[in-house]
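Report on the structure given below.
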Amino acid sequence: MILLDRVTKVYGKEANPALNRVSLHIGPKEFVILVGTSGAGKSTLLKLLTREEKPTSGKIVVGGIDYDTLKDKHIPLLRRKIGTVFQDFKLLPNRTVYENIAFAMEIVGMSNHEINNTVPKVIDLVGLEGKAKKFPHQLSGGEKQRVAIARAVARQPKILIADEPTGNLDPKHSWDIVRLLEKINRYGTTVLLTTHNQEIVNKLQRRVITIDHGKLVEDQAVGSYRQGVAAVETLDPDRGQIKV
Ligand code: ADP
């Protein structure tokens with residue numbers, strides 16, 4: 001689903017690459033957590049996947065699309081394959097929940113029929129029944145993030161990139177969002193999640209890829225990531241149900 005082969009990214013005339021010969025493979029329907037300190041290169045990796053940035057060298061293939069041969073006119077197609085969700089939600093403030101989702105579908109060329117059919121379904125999927133006519137300022141942070149997720153999945157992407165989606169949320173809402181991402185993954189979407197939240201990393205028991213100074217330094221299989229267990233036990237809202 002996602003293939004990187006010795007991908008390097010150097011911004012401008014910077015001496016150090018933001019990403020340095022990173023190779024990885026993420027299969028269909030995987031749920032992968034990407035971790036690394038600030039400046040490690042996580043956002044750069046995600047921007048290369050969404051084609052906001054181009055690699056300096058190396059090969060990227062996503063959902064069968066080889067980026068070497070990708071033309072600008074095919075970028076909307078790529079953006080349909082890859083949904084994105086960010087820490088700051090990026091909702092349109094003057095549009096309702098319904099309109100935020102519908103607009104995202106419109107701009108990638110989906111038909112009115114498809115839009116009218118899909119929007120109510122994704123609103124239900126993310127648990128926002130009855131909120132279709134609300135504006136972003138009338139919603140809590142957790143609800144805003146649900147709208148952002150609904151908007152991303154409405155395009156039926158193969159991959160969902162969630163870049164620090166819980167960064168602005170309290171622990172309870174953070175877990176609601178993580179559980180929602182798991183649900184979307186169970187429906188068959190590949191999920192790539194970046195987080196600084198050690199508790200989420202520990203409790204999810206998923207494959208964890210660690211980036212440090214632009215290099216992929218660890219790629220740990222499902223359930224083998226053990227760092228920061230103490231933090232889990234002090235922060236977890238569902239204490240007592242931890243399986244670490
Ligand atoms: P992370 O998301 O892990 O915090 P980034 O991918 O944002 O890391 O950054 C990796 C490195 O690339 C950092 O040293 C950062 O300063 C640098 N960098 C990121 N974006 C740019 C840019 N547009 N121009 C120059 N340097 C950049």
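Values in this document were obtained by computation on a predicted structure and should not be read as measured data. First listed ligand is number 1; within each ligand, the first listed atom is number 1.
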Looking only at atom types and distance, does a side-chain atom of [X] sit under 3.5 Å from a main-chain N or O of [Y], one as donor and one as acceptor?
{"X": "T190", "Y": "K29", "answer": "yes"}
{"X": "R79", "Y": "T50", "answer": "yes"}
{"X": "T118", "Y": "I115", "answer": "no"}
{"X": "Y67", "Y": "L49", "answer": "yes"}
{"X": "N117", "Y": "H113", "answer": "no"}

In the protein, what heavy atom is nearest to [atom], and what distance, to one decimal place, separates them?
{"atom": "atom 2 (O) of ligand 1", "answer": "S43 OG, 2.6 Å"}
{"atom": "atom 12 (O) of ligand 1", "answer": "A18 CB, 3.3 Å"}
{"atom": "atom 19 (C) of ligand 1", "answer": "Y11 CE1, 3.3 Å"}
{"atom": "atom 5 (P) of ligand 1", "answer": "T44 OG1, 3.7 Å"}

Does even one non-hydrogen atom of G39 get within less than 4.0 Å of ligand 1?
yes

Assess S38 for proximity to ligand 1: is some non-hydrogen atom of it under 4.0 Å away?
yes

Less than 6.0 angstrom from the centroid, inside 45 degrees of the normal: does R95 satisfy that with respect to the ring of F135?
no

Tell me whether the NZ or CZ atom of K183 lies within the 45° cone about the ring axis of Y187 and under 6.0 Å from its centre.
no

Taking side-chain contact (heavy atoms from CB on, under 4.5 Å) as the criterion, tell me which of T8, V10, V7 meets it with S57.
T8

Does E53 reach ligand 1 with a nitrogen or oxygen that is under 3.5 Å from one of the ligand's nitrogen or oxygen atoms?
no

Checking contacts now, so for atom 8 (O) of ligand 1, which I'm interested in, is there any protein heavy atom under 4.0 Å?
yes

Protein heavy atoms near atom 15 (C) of ligand 1, is at least one of them under 4.0 angstrom away?
no

Of all the atoms in ligand 1, which lie at a distance below 4.0 Å from a heavy atom belonging to [X]?
{"X": "A40", "result": "1 (P), 3 (O), 8 (O)"}
{"X": "K42", "result": "1 (P), 2 (O), 3 (O), 4 (O), 6 (O), 8 (O)"}
{"X": "T37", "result": "3 (O)"}

